[in-house]
Trainee: 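Encoded as structure tokens, here's the structure I'll be asking about.
Labels below follow one simple rule: chain letters A, B, ... track the order of the sequence lines, proteins then strands, and each chain is numbered from 1. The figures that follow rest on heavy atoms only: side chains count, while hydrogens, waters and symmetry mates do not.
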2 protein chains.
Amino acid sequence: MTNAQPDVLTIREMCEAYDVTPRTLRFYEAKELLFPIRQGTRRLFGRRDRARLVLILRGKRFGFSLEDIRQLLDMYHTEGSNQAQLEKTLDLGRARLAQMQAQYAELEHAITDLMRQLTDGEHLLAGKRRANEDNAIRD
Amino acid sequence: MTNAQPDVLTIREMCEAYDVTPRTLRFYEAKELLFPIRQGTRRLFGRRDRARLVLILRGKRFGFSLEDIRQLLDMYHTEGSNQAQLEKTLDLGRARLAQMQAQYAELEHAITDLMRQLTDGEHLLAGKRRANEDNAIRD
DNA sequence: CGTTTCATTTACGTTAACGTCAACTACAGT
DNA sequence: ACTGTAGTTGACGTTAACGTAAATGAAACG
């Protein structure tokens, strides 16, 4: 069972698969968020890089900076790291988890809030519609 | 019941209450996110502006841009707007609500994901600790 | 009335996260 | 050998969201 699939994507394939530009992928490499292998001069993105990219894009949607994300990404290949480094990474992960849980709670609140405003607005709109009909009758 | 409390804050008071800088508040005014009244040359922020500021800061934490937020803020003083404008605002609000609900779901997923990585990492760390003890015995 | 103490306007600086352009290079097909 | 078609590396440009500094004005205090 020698897992012989190539399983690497070119930069174009990555862009289409994850809806990003080449510039973005090169930028992420420069910032050490991704580590594509080189076949000659070209980049090839393996499964590890794709998993990382998913986490990057996800983190961005939650409002985290790339630097925030970069530090956290170590969480996903802790295998080779030493004890001290691992502890630091775990601390960082726990802190991030707390942030996300807080954000989760706040997001729930914001959602119910917005829903209330929406129904209020819809009632207001219904009122205006009736008013318009009344005017039409009088014309 | 003539509600005679002044109920306005100076820029400093605002900064301390909401942990922002004066620059930020002036910037938000320039971008038409806030509309402080003027007493002579100075700004005074009333209840409406404070409510808006809360929503602004909240929106930012969820990764929305100030321009995104500005458009949505109309949701919270729909009283005077006309029918067409109100419909547009409501559409925008519904779209935003959908985004936030999606984000909510994704955030939940991300949280369980991160928790799993954390426990994995902690087990790994425990293993390294035991290995270290074994070494100590042999020394 | 002079001097701190805030606040204001104007303007230029800064950082993050890319966009855009120019000038190569590597290879594939004809 | 010529022509595309990706891909690459600089290098500079851009936008958002403020920071920072300078000059001015108003207000309160002794």
Side-chain angles (χ1 to χ4, degrees), chain A residues 6-46 49-50 52-74 92 96 99 103, chain B residues 6-46 49-50 52-74 92 96 99 103:
Chain A
D7 201 33
V8 289
L9 299 190
T10 74
I11 200 166
R12 277 298 155 195
E13 291 164 340
M14 284 292 279
C15 292
E16 292 181 12
Y18 298 96
D19 193 35
V20 293
T21 69
R23 180 67 176 96
T24 300
L25 293 177
R26 296 191 192 108
F27 183 74
Y28 288 170
E29 184 186 9
K31 290 299 179 107
E32 303 189 35
L33 291 155
L34 296 179
F35 306 93
I37 56 174
R38 297 305 180 102
Q39 149 184 301
T41 162
R42 310 196 160 166
R43 292 166 176 85
L44 290 180
F45 299 82
D49 284 318
R50 283 173 352 232
R52 292 173 74 95
L53 182 55
V54 168
L55 294 171
I56 294 167
L57 298 177
R58 175 181 288 167
K60 290 198 56 183
R61 259 170 264 136
F62 300 148
F64 293 116
S65 75
L66 290 184
E67 177 54 24
D68 285 347
I69 295 167
R70 192 188 60 76
Q71 295 178 30
L72 195 65
L73 274 176
D74 295 343
L92 231 155
R96 185 62 44 84
Q99 280 182 48
Q103 194 171 350
Chain B
D7 200 31
V8 288
L9 299 188
T10 75
I11 199 166
R12 276 297 154 197
E13 292 164 339
M14 284 291 281
C15 291
E16 291 181 12
Y18 299 96
D19 192 38
V20 293
T21 70
R23 179 68 177 96
T24 300
L25 294 177
R26 297 191 192 106
F27 182 74
Y28 289 169
E29 183 186 10
K31 290 298 179 106
E32 303 188 35
L33 291 154
L34 297 178
F35 306 92
I37 57 175
R38 297 302 181 104
Q39 150 184 301
T41 161
R42 307 193 163 171
R43 292 167 175 83
L44 290 179
F45 299 82
D49 283 318
R50 284 174 353 233
R52 292 172 74 93
L53 181 54
V54 168
L55 294 171
I56 293 167
L57 298 176
R58 175 181 288 166
K60 289 198 58 183
R61 259 170 266 136
F62 301 149
F64 293 115
S65 75
L66 290 185
E67 176 55 22
D68 285 349
I69 295 167
R70 191 189 61 78
Q71 294 179 30
L72 196 66
L73 275 176
D74 295 344
L92 231 155
R96 186 63 42 87
Q99 281 181 48
Q103 195 172 348

Trainee: In Å and rounded to the nearest 0.5 Å, what is the CD to CG distance from B/Glu32 to B/Leu66?
Mentor: 13.0 Å

Trainee: Starting from the C-alpha separation in whole Å, work towards a yes-or-no answer on side-chain contact (heavy atoms from CB on, under 4.5 Å) for A/Leu53 and A/Leu25.
Mentor: CA-CA 9 Å; A/Leu53 182 55; A/Leu25 293 177; 3.9 Å; yes

Trainee: For A/Ile11 and C/dA26, what is the distance between atoms CD1 and P respectively, to the nearest whole Å?
Mentor: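 Rounding to the nearest Å, CD1 of A/Ile11 and P of C/dA26 are 17 Å apart.
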
Trainee: Do any side-chain nitrogens or oxygens of B/Arg42 fall under 4.0 Å of OP1 or OP2 in C/dT9?
Mentor: no

Trainee: Take the protein atom CG of A/Asp19 and the nucleotide atom P of C/dC18, then report the distance between them rounded to whole Å.
Mentor: 12 Å

Trainee: What's the CZ-C1' distance between A/Phe45 and D/dA6, to the nearest Å?
Mentor: 14 Å

Trainee: Can you tell me how far CZ of A/Arg96 sits from CD of A/Gln99, rounded to the nearest 0.5 angstrom?
Mentor: 5.0 Å

Trainee: Are any of the side-chain nitrogens in A/Glu67 or A/Arg70 under 4.0 Å away from the carboxylate oxygens of its partner?
Mentor: yes

Trainee: Whole angstroms only, please: what is the NZ-P distance between A/Lys60 and C/dA16?
Mentor: 13 Å

Trainee: With rounding to the nearest 0.5 angstrom, report the CG to CG distance, B/Leu73 to B/Leu92.
Mentor: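 Reported value, rounded in 0.5 Å steps: 11.0 Å.
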
Trainee: For the atom pair CG (B/Leu9) and CZ (B/Arg43), what is the distance rounded to the nearest 0.5 Å?
Mentor: 14.5 Å

Trainee: Take the protein atom CG of A/Leu53 and the nucleotide atom C1' of C/dA17, then report the distance between them rounded to whole Å.
Mentor: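 Distance, rounded to whole Å: 15 Å.
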
Trainee: Both A/Leu66 and B/Arg43 contact DNA chain C. Taking the nearest nucleotide for each, which residue is further toward the 5' end?
Mentor: B/Arg43

Trainee: Quick one: is D/dG7 close enough that its OP1 or OP2 comes under 4.0 Å of any side-chain N or O from A/Arg12?
Mentor: yes

Trainee: Please state how far atom CD in A/Glu67 lies from atom C1' in C/dA17, giving the value in whole angstrom units.
Mentor: 13 Å

Trainee: Are any of the side-chain nitrogens in B/Arg50 or B/Glu13 under 4.0 Å away from the carboxylate oxygens of its partner?
Mentor: no

Trainee: Tell me the interatomic distance from B/Arg38, atom CZ, to C/dT8, atom P, rounded to whole angstroms.
Mentor: 6 Å

Trainee: To the nearest angstrom, how far is B/Tyr18 atom OH from D/dC18 atom C1'?
Mentor: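 Going from OH in B/Tyr18 over to C1' in D/dC18 covers 20 Å.
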
Trainee: Nearest nucleotide by nearest heavy atom, which residue falls closer to the 5' end of DNA chain D, B/Thr41 or B/Ser65?
Mentor: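 Between the two, 5'-proximity favours B/Ser65.
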
Trainee: Under 4.0 Å from any atom of DNA chain D, heavy atoms only: list the residues of residues 20-32 of chain B that qualify, in numerical order.
Mentor: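 Hits under 4.0 Å, by residue number: B/Thr21, B/Arg23, B/Thr24, B/Phe27, B/Tyr28.
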
